[in-house]
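Structure first, then comments.
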Number of protein chains: 2
Amino acid sequence: MPTVSSEELAAAAGVNSAKLRKDFSYLGSYGTRGVGYDVEYLVYQISRELGLTQDWPVVIVGIGNLGAALANYGGFASRGFRVAALIDADPAMAGKPVAGIPVQHTDELESIITDNGVSIGVIATPAGAAQQVCDRLVAAGVTSILNFAPTVLSVPDGVDVRKVDLSIELQILAFHEQRKAGEEAAAESAAAPVAATRKNSATDQGPDGDVPAVMPA
Amino acid sequence: MPTVSSEELAAAAGVNSAKLRKDFSYLGSYGTRGVGYDVEYLVYQISRELGLTQDWPVVIVGIGNLGAALANYGGFASRGFRVAALIDADPAMAGKPVAGIPVQHTDELESIITDNGVSIGVIATPAGAAQQVCDRLVAAGVTSILNFAPTVLSVPDGVDVRKVDLSIELQILAFHEQRKAGEEAAAESAAAPVAATRKNSATDQGPDGDVPAVMPA
DNA sequence: ATGTCTTTGTGAACGCGTGCACAAAGATTG
DNA sequence: CAATCTTTGTGCACGCGTTCACAAAGACAT
């Protein structure tokens, strides 16, 4: 039976092993003392907790470049997501297959949501159409929305919205880039250490961490 | 002179006003006691600190759906980014304009980087090509990379990488969706409160916050 | 000018999460 | 079966960031 110790996992993830054990303990006691964690069982338990073992039908609204990119993105299926439908307002798109799935017209939105029991919607429309699409999705029963349009959506209580701003990551890189340049001509401005930049781990390639808490766009 | 108080800003952002004032204080003393912060001046100071007042030439490598979507994305220009070039390995793409910018062949990569003084590169290639493209970008002088390919890139010290995984946000939504469903059939599993989900503010639509620290993909 | 009122900037206290350190548990060996 | 060794699960202490609370600063009214 293949196993891993918290120590090994912690080293790989660049975190403290005690923290990792404590985090796992919230999911239950899945480890064996003196041995470690059964890899397969652990993966299953974490997958289950994260909802990866369920099948999540999603609809993508707005099949432009971004919508098409999302439809083609392979990472969805492996994470338990199933693209139930692609929806676009352009009648010329209707019926045309993208990533093997025929695009349907916005008129069908409500029936698609209902018939497929969709609770997660992805908005990849232009900014102007986003709120309207959002309202229709919510009215049809969607309770989670992933928004790629550059607008803050307003939704009723009980509906989750996550906004993805593709330029924010670039901005963070530029921020670091600027600091790199600044260090060469170092110590030009005396004090003002600017919200201490903490580096989590050497292999940190993710969002979160290293971003100032308050910094409006 | 239009001004804002830390109290107003804090309310709008859903944070504590003292924290906001302390954060601002790291940038210097830009407020006036009894009045607040001069909006225009504050915006300028924050913009400058974040590097938004500089011009950042970027190259986008891999002009598929995603690359094209990025090239068309309006949010870049307004944040100080300038798409210096679009690069693709497909010779058939060469010369074809995307978002008004002609696509150039991978052969030109090094000269483009050098000639334009590009320090930030965006990788939107398939997973298989990403590391190779990354190596060439770095060799040519790029020191910050935004990676949309589903691969973890390895880079030398001094080079920043940020990986954007479009499915992670969906996964977070699915996680919450699952918990919503679980609450109805509540208290089925006794204890195990699972890493307490903290909600930052009522209007939180952003990444960060509300995500478990350790949770491998 | 003097007083009052508002809001900043920050020292100090509090609270929470992280990491330490160890007892308990179980595997493994003789 | 006893002894030893490894690794988990967790109580506790420390440290850091958030929040409180207030003195200082400046605007504005009288």
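Letters A, B, ... are given to chains in the order of the sequence lines, protein chains preceding strands, and every chain is numbered from 1. On a predicted model such as this, the values are computed, not experimentally measured, just so you know.
- For B:Gln132, the CD atom counts as loosely surrounded, since its 6.0 Å shell holds 12 or fewer non-hydrogen atoms of other residues, nucleotides or ligands.
- Below the 3.5 angstrom threshold, one finds no donor paired with an acceptor across the side chain of A:Lys22 and the base of C:dG17.
- With C:dA12, D:dG9, C:dG19 as the choices, the nucleotide that has an atom nearest any side-chain atom of A:Ser29 turns out to be D:dG9.
- The CG atom of B:Leu27 sits 15 Å away from the C1' atom of C:dT8 (whole-angstrom rounding).
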Restricting both atoms to N or O, compile the protein contacts to nucleotides 1-7 of chain D shorter than 3.5 Å, with distance only.
unit_1: D:dT6; atom_1: O2; unit_2: A:Gly34; atom_2: N; d: 3.4
unit_1: D:dT7; atom_1: O4'; unit_2: A:Gly34; atom_2: N; d: 2.9
unit_1: D:dT7; atom_1: O2; unit_2: A:Gly34; atom_2: N; d: 3.3

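- Taking atom CG of A:Leu42 as the reference point, atom P of D:dT8 lies 11 Å away to the nearest angstrom.
- Rounded to whole Å, the distance from CG on B:Asn16 to P on D:dA21 is 11 Å.
- Using modelled atom types, one side-chain atom of A:Glu8 and one backbone atom of A:Ser5 make a donor-acceptor pair closer than 3.5 Å.
- Classification of B:Asp165 and A:Arg79 as a salt-bridged pair holds, one side-chain N sitting under 4.0 Å from a carboxylate O.
- Following rounding to the nearest Å, B:Asp23 (CG) and C:dT8 (C1') show an atom-to-atom distance of 14 Å.
- Partner of A:Ile113 under the side-chain contact (heavy atoms from CB on, under 4.5 Å) criterion, out of A:Val118, A:Val138, A:Ile87: A:Val118 alone.
- D:dT8 atom P lies 10 Å from atom CZ of A:Phe24, rounded to whole Å.
- Distance CD (A:Glu7) to P (C:dA21): 14 Å, rounded to an integer number of Å.
- No more than 12 heavy atoms of other residues, nucleotides or ligands sit less than 6.0 Å from atom CD of A:Glu40.
- Using modelled atom types, no side-chain atom of A:Ser17 and backbone atom of A:Glu7 make a donor-acceptor pair closer than 3.5 Å.
- Rounded to whole angstrom, the span from the CG atom of B:Leu20 across to the C1' atom of D:dG17 amounts to 15 Å.
- Not a single donor-acceptor pair, N or O on each side, falls under 3.5 Å between the base of D:dG17 and the side chain of B:Lys19.
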